[in-house]
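Side-chain atoms are counted along with the backbone in the values below, which use heavy atoms only and exclude waters and symmetry mates. To find a chain, count down the sequence lines: A is the first, B the second, and so on, and within it residues start at 1.
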Amino acid sequence: MAYWLMKSEPEAFGWNDLVRDGKTEWDGVRNHAAANHLRAMAVGDEALFYHSGKGPEAVAVMRVSRAARPDGSDGNWVSVEVVPLAPLPAPVTLKAMKAEPALADLPILRQSRLSVAPVSDAEWKTIQEMAHRAKG
DNA sequence: GCCAACGTTGGC
DNA sequence: GCCAACGTTGGC
């Protein structure tokens, strides 16, 4: 199973919206690198829901419930379906991630505009631990 | 094929 | 609100 991180502006579509809807089509990705990550997702993979914009932070975990398929737009863009799993015990802020040496290679820290990115097993574990620690 | 101009995203 | 990073477009 692979891990991912997916960004959305909460004003447009946030974690609460996903919980309310029960599932969502993760579409609108118009960046080839990010789209390739969507294509690499398998059902059962888990992804951090990351709120971009003001006070950027990872807030929850969701699960990929359907692999990538064409999203119906022009071109070869794809979407996946995701379902909510659970909120993190406490949000993990971008600031905290930047301050954590174990996350130095996290793709979103190296390329802030990448909206869908892989997270390694070790990085995932680190972020989970940070979330538990932040809860206190 | 190169590069300047422009638009978008996202952090601060 | 501003700016940096990045991608795309269009002129040459």
Just to verify, what does A/Asp17 make a side-chain hydrogen bond (donor to acceptor under 3.5 Å, both in side chains) with, not counting sequence neighbours?
A/Arg20

For A/Glu100 and A/Leu106, run side chain to side chain contact (heavy atoms under 4.5 Å, CB included): C-alpha distance rounded to whole Å, both residues' side-chain angles, the deciding distance at 0.1 Å, then the answer.
CA-CA 10 Å; A/Glu100 173 53 60; A/Leu106 198 65; over 6 Å; no

Residue pairs involving residues 86-95 of chain A (criterion side-chain hydrogen bond (donor to acceptor under 3.5 Å, both in side chains); sequence neighbours excluded):
none

For A/Arg66, enumerate each residue passing the salt bridge (charged side-chain N to carboxylate O under 4.0 Å, His left out) test, keeping only those at least two apart in sequence or located in another chain.
A/Glu25

Salt bridge (charged side-chain N to carboxylate O under 4.0 Å, His left out) partners for A/Glu123, two or more places apart
none

Hey, what bend do you get for the helix from B/dG1-C/dC12 to B/dC12-C/dG1 if you fit axes on five pairs at each end, rounded to 10°?
10°

Among residues at least two apart in sequence or on other chains, which ones pass side-chain hydrogen bond (donor to acceptor under 3.5 Å, both in side chains) with A/Asn36?
A/Arg39

Using heavy atoms and a sub-4.0 Å distance, could you list which residues of residues 29-37 of chain A are near DNA chain C? By number, please.
A/Asn31, A/His32

Residue pairs passing the side-chain hydrogen bond (donor to acceptor under 3.5 Å, both in side chains) test where at least one lies in residues 41-58 of chain A, sequence neighbours excluded:
A/Trp4-A/Asp45

Please table the atom pairs, donor to acceptor, closer than 3.5 Å between any side-chain atom in residues 125-136 of chain A and protein atoms at least two apart or in another chain.
unit_1, atom_1, unit_2, atom_2, d
A/Thr126, OG1, A/Ala122, O, 3.0
A/His132, ND1, A/Gln128, O, 2.8

Treat primed atoms plus P, OP1 and OP2 as sugar-phosphate and everything else as base, then score nucleotides 5-12 of chain B 5' to 3': B for base contact with protein heavy atoms under 4.0 Å, S for sugar-phosphate contact only, - for none.
--BBBSSS

With sequence neighbours excluded, tell me which residues meet salt bridge (charged side-chain N to carboxylate O under 4.0 Å, His left out) with A/Asp105.
A/Arg110

Quick one: list whatever passes side-chain contact (heavy atoms from CB on, under 4.5 Å) with A/Val19, sequence neighbours left out.
A/Trp15, A/Pro84

